[in-house]
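Here the structure is laid out as structure tokens; the discussion comes afterwards.
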Amino acid sequence: MSKKFYITTAIPYVNAKPHIGFALEIVQADALARYHREAGDEVLFLTGTDENSLKNVQAAAKEDIATQALCDRNAAIFFDLKNALNLSFDSFIRTTEERHILGAQKLWSTCKKEDIYKKKYKGFYCVGCEAFYAEKDLTDGLCPEHKTKPDLIEEENYFFKLSNYQDELLKLIESDKYQVVPETKKNEITSFIKMGLEDFSISRSTERAHGWGVPVPGDESQIMYVWFDALSNYITALDYAGEQKLFNQFWPADVHVVGKGVIRFHAVYWPAMLLSAGLELPKELFVHGYINVGGEKMSKSLGNVIDPFELVQQYGTDAVRYYLLKQVHPVEDSDFTVEKFEEVYNADLANGLGNLISRTSNLIEKNFDGKIKTKSVKLKTNTDGFIKEYRFDSALKLIQEQITVADQMIDREKPWELVKTDTNKAEEVLTDVANKIVSIAVALKPFLPATAEKIIAQFTAAKIVKGESLFPRI
RNA sequence: CGCGGGGUAGAGCAGUUGGCAGCUCGGCAGGCCCAUAACCUGCAGGUCGCGGGUUCGAGUCCCGCCCCCGCAACCA
């Protein structure tokens with residue numbers, strides 16, 4: 001019996017290039033999507049881009065091009081991750097698409113009338129930053145960035161009555177009806193909710209937004225706050241504004257995969273919006289950690305941002321996927337260095353998996369003319385449990401152990417000697433090892449899809465030949 | 001001030017419900033010679049930040065303290 005499985009990533013801003021952190025998120029989601037497809041589930045895997053930010057307007061102005069043109073160009077780069085990282089997403093949503101705009105407006109209109117209200121907001125507005133500052137964030141009454149005196153302006157915006165949902169949200173999250181993983185993040189969010197939720201602004205003036213963004217339905221003077229529209233991508237991509245065929249089939253989401261920086265939007269704002277609109281809540285929120293570089297936070301000013309495209313170009317798609325899934329901790333922050341990357345590559349992929357494939361296929365080709373019949377056997381150790389707990393690292397560690405077991409078998413049985421004394425025994429041993437390799441490859445499918453396919457093809461062929469190195473040593 | 005995460009072998013990290021402290025790299029010593037100078041075996045190296053407590057038993061739970069690092073409402 002097949003189940004449906006709807007998985008999403010957060011949608012990143014397009015005003016910067018994709019970095020290794022987003023690559024982590026989307027590769028994790030991809031591994032889950034592939035795992036569920038293998039299990040026979042009906043999978044919908046969604047990603048996309050968040051394009052309604054004022055930052056895009058500013059960036060486009062600087063380059064003297066249209067905002068939409070800038071978004072088109074940059075969104076294409078994010079889409080290219082599909083090739084670079086061999087991603088299997090089925091759907092890609094951009095928040096400047098009409099289906100999204102209509103969907104976001106529909107969600108707005110569907111929210112309970114009493115949850116959205118107008119309020120006058122007064123604050124210090126810096127024209128240079130195009131942002132409001134709280135009085136305490138000003139330095140000597142000046143904008144910390146531009147050192148200019150901000151204007152005290154008053155604006156009427158729409159607010160969302162988050163306070164209406166405080167108790168209900170707390171109950172839903174504490175009871176795991178909307179399950180936040182890992183536990184530490186769940187605790188963080190429940191204690192945040194207990195501190196009391198304040199209503200939040202969900203629109204800004206069209207003027208201040210430079211007319212860029214999703215117009216508030218029925219009020220041309222206002223543009224939706226980016227997060228209100230961005231979060232709705234999870235349903236607008238399901239044709240929420242149209243015929244809703246996908247929506248009916250796939251909503252609610254089985255899991256939203258997000259980074260720790262956007263928990264509040266996903267664990268508080270988003271479910272509150274859905275409750276207000278009378279829609280079902282997603283089932284799980286999986287929160288991954290961040291990747292630091294050489295102990296420092298990745299930042300443009302430090303110039304230490306790791307570009308996934310460059311990594312892939314240098315080391316290959318599956319090497320990058322392997323590092324992200326095996327070496328990066330799924331939920332804790334992890335450190336990235338090129339040295340560590342190469343160490344793991346050599347130890348696990350070149351010396352481990354690659355060398356095992358190499359020595360085994362060589363023994364079979366040389367001594368049995370490549371004629372050994374293989375079948376996939378079940379690994380004694382099963383990765384399912386770990387994958388369900390999002391422990392990609394543990395799952396791959398388990399597979400790594402099986403590679404060692406295969407190496408041990410070869411060293412113990414010495415098939416290169418057996419072929420001289422007992423051909424049958426040698427064939428038996430190599431069949432065992434080859435079967436084990438096929439099983440390992442099957443287990444690797446969600447993590448290293450291309451490598452897994454290559455190995456399976458190699459070891460189920462009529463004639464098994466050595467072929468090229470999968471992962472040459474660095 | 002508040003919230004959160006860390007402090008475990010030379011380096012980098014794992015350690016789910018408390019039950020002989022593990023992994024990778026590096027070091028040392030063997031083995032093998034099929035393989036990508038790869039593989040296998042063994043050894044050395046830890047007062048698990050400090051001090052208390054609970055327990056038959058604590059890296060793991062509780063209390064206090066000392067360092068490091070994030071967050072503090074629009075950052076994956």
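Everything numeric here is computed off the predicted structure, so don't read it as measured data. Labels below follow one simple rule: chain letters A, B, ... track the order of the sequence lines, proteins then strands, and each chain is numbered from 1.
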Requested in this report: Select base, sugar-phosphate, or nothing to describe what Ser53(A) touches, counting heavy atoms under 4.0 Å on all strands.
Outcome: nothing
Report task. Kindly confirm whether the side-chain ring of Trp416(A) is stacked on the base of C34(B), judged by centres under 5.5 Å and planes under 30°. Result -> yes
Requested in this report: For C3(B), take OP1 and OP2 only and decide whether either is under 4.0 Å from a side-chain N or O of Arg264(A).
Outcome: no
Requested in this report: Residues of residues 357-369 of chain A with any non-hydrogen atom less than 4.0 angstrom from an atom of RNA chain B: list those, numerically ordered, please.
Outcome: Ser358(A), Arg359(A), Asn362(A), Leu363(A)
Report task. Using only side-chain N and O atoms of Tyr269(A), determine if any of them is under 4.0 Å from OP1 or OP2 of A73(B). Result -> no
Query raised in the report: Looking only at atom C1', what distance separates U60(B) and U8(B), rounded to whole Å?
Result: 12 Å
Query raised in the report: With a non-hydrogen cut-off below 4.0 angstrom, is Leu356(A) in contact with a base, only sugar-phosphate, or nothing?
Result: nothing
Requested in this report: Choose from A76(B), U36(B), G15(B) the nucleotide whose nearest atom is closest to any side-chain atom of Leu470(A).
Outcome: U36(B)
Query raised in the report: Just checking, any donor-acceptor pair under 3.5 angstrom between side chains of Glu51(A) and Thr95(A)?
Result: no
**Report entry** Phosphate OP1/OP2 of U24(B) contacted by Gln400(A) side-chain N/O (<4.0 Å)
**Finding:** no
Query raised in the report: Between His256(A) and Tyr234(A), does the ring centre distance come in under 6.0 Å?
Result: yes
Report summary line: Residues Thr67(A) and Ala60(A): closest non-hydrogen pair is CA-CB, 3.6 Å
Query - Arg391(A) vs U16(B): side-chain N/O to OP1/OP2 distance below 4.0 Å - result: no
Query raised in the report: For atom NZ of Lys82(A), is the number of surrounding heavy atoms from other residues, nucleotides or ligands below 6.0 Å larger than 12?
Result: yes
Query - Atom C1', compared across G59(B) and U47(B): separation rounded to whole Å - result: 13 Å
Query raised in the report: If you check every side-chain atom of Asp407(A), which of A76(B), C39(B), G5(B) has the closest atom?
Result: C39(B)
Query raised in the report: Taking any strand in view, what nucleotide pairs with C50(B) in a Watson-Crick or G-U wobble way, both distances under 3.5 Å?
Result: G64(B)
Query - Between G22(B) and G45(B) - P atom distance, rounded Å - result: 14 Å
Query - Of Lys340(A) and Trp227(A), the one whose closest RNA chain B nucleotide lies more 5' - result: Lys340(A)
Report task. Give one of base, sugar-phosphate or nothing for Gln327(A), where a contact means two heavy atoms less than 4.0 Å apart. Result -> nothing
Report task. Indicate, with a heavy-atom threshold strictly under 4.0 Å, whether Asn355(A) touches base, sugar-phosphate, or nothing. Result -> base
Query raised in the report: Which nucleotide sits closest to the side chain of Tyr225(A): A76(B), U24(B), C74(B)?
Result: C74(B)
Query raised in the report: Watson-Crick or G-U wobble partner for A29(B), using a 3.5 Å limit on both distances?
Result: U41(B)
Query raised in the report: Looking at Val27(A), Asp254(A), Ile387(A), which hits side chain to side chain contact (heavy atoms under 4.5 Å, CB included) with Leu32(A)?
Result: Ile387(A)
Requested in this report: Under 4.0 Å between any heavy atoms, over every strand shown, what does Arg412(A) touch: base, sugar-phosphate, or nothing? Just pick one.
Outcome: nothing
Query raised in the report: Taking atom C1' in both C75(B) and A58(B), what distance in whole Å separates the two?
Result: 38 Å
Query raised in the report: What are the two closest heavy atoms between Leu444(A) and Ala452(A), and how far apart are they?
Result: C-CB, 4.1 Å
Requested in this report: Please confirm whether Trp270(A) and Phe265(A) have ring centers closer than 6.0 angstrom.
Outcome: no
Query raised in the report: Is it true that Lys436(A) and Asp407(A) make a salt bridge, defined as a side-chain N closer than 4.0 Å to a carboxylate O?
Result: no
Requested in this report: Determine the Euclidean distance between corresponding P atoms of C61(B) and A14(B); express it in Å to zero decimal places.
Outcome: 16 Å
Requested in this report: Classify the nucleic acid contact of Glu389(A) as base, sugar-phosphate or nothing, counting any heavy atom under 4.0 Å across all strands shown.
Outcome: nothing
Report task. Could you pull out the closest heavy-atom pair between Val14(A) and Cys71(A), with the gap in Å? Result -> CG2-SG, 4.2 Å
Report task. Sticking with atom C1', work out how far C71(B) lies from A76(B), rounded to a whole angstrom. Result -> 15 Å
Query raised in the report: How is Phe265(A) classified with respect to the nucleic acid when contacts are heavy atoms under 4.0 Å: base, sugar-phosphate, or nothing?
Result: sugar-phosphate
Report task. Answer with base, sugar-phosphate or nothing: what part of the nucleic acid does Gly259(A) contact at a heavy-atom distance below 4.0 Å? Result -> sugar-phosphate
Requested in this report: Find the distance Asp333(A):CG to G7(B):P and express it as a whole number of Å.
Outcome: 13 Å
Query raised in the report: Can you tell which of C33(B), C23(B), C40(B) lies closest to the side chain of Glu417(A)?
Result: C33(B)
Query raised in the report: When you compare C65(B) with G4(B), how far apart are their P atoms, in angstrom units rounded to a whole number?
Result: 15 Å
Query raised in the report: Base, sugar-phosphate, or nothing: which does Ser394(A) touch, judged by heavy atoms less than 4.0 Å apart?
Result: nothing
Query raised in the report: For U36(B), does either OP1 or OP2 sit under 4.0 Å from a side-chain N or O belonging to Lys466(A)?
Result: yes
Report task. Could you tell me whether Lys55(A) contacts a base, only the sugar-phosphate backbone, or nothing, with contacts defined as non-hydrogen atoms closer than 4.0 Å? Result -> sugar-phosphate
Query raised in the report: When we call it a touch if two heavy atoms are under 4.0 Å apart, what does Glu25(A) touch: a base, just sugar-phosphate, or nothing?
Result: sugar-phosphate
Report task. Would you check if the distance from the ring center of Phe386(A) to the ring center of Phe392(A) is below 6.0 Å? Result -> no
Query raised in the report: Taking the six-membered ring for Trp, does Tyr290(A) stack with A76(B) (centroid gap under 5.5 Å, planes within less than 30°)?
Result: yes
Query raised in the report: Heavy-atom contacts under 4.0 Å between residues 418-426 of chain A and RNA chain B, which residues?
Result: none
Query raised in the report: Watson-Crick or G-U wobble partner for C71(B), using a 3.5 Å limit on both distances?
Result: G2(B)
Report summary line: Looking only at G70(B), A76(B), C75(B), the nucleotide nearest the Phe22(A) side chain is A76(B)
**Report entry** Sugar-phosphate only, base, or nothing, as touched by Ala347(A) at under 4.0 Å among non-hydrogen atoms
**Finding:** sugar-phosphate
Report task. Quick one: label Val258(A) by what it contacts on the DNA or RNA (base, sugar-phosphate, nothing), any heavy atom closer than 4.0 Å. Result -> sugar-phosphate
Query raised in the report: Should Asn292(A) be listed as having a side-chain N or O under 4.0 Å from OP1 or OP2 of C69(B)?
Result: no
Report task. Please identify each residue that fulfils side chain to side chain contact (heavy atoms under 4.5 Å, CB included) with Lys397(A), with sequence neighbours left out. Result -> Lys326(A)
Requested in this report: Write down the distance separating the P atoms in G5(B) and C28(B), rounded off to the nearest Å.
Outcome: 41 Å
Requested in this report: Check whether any side-chain N or O of Lys414(A) sits under 4.0 Å from OP1 or OP2 of G31(B), and answer yes or no.
Outcome: no
**Report entry** Donor-acceptor pair under 3.5 Å, His329(A) side chain vs A14(B) base
**Finding:** no
Report task. Would you indicate what Ile20(A) reaches in the nucleic acid, counting non-hydrogen atoms under 4.0 angstrom: base, sugar-phosphate, or nothing? Result -> nothing
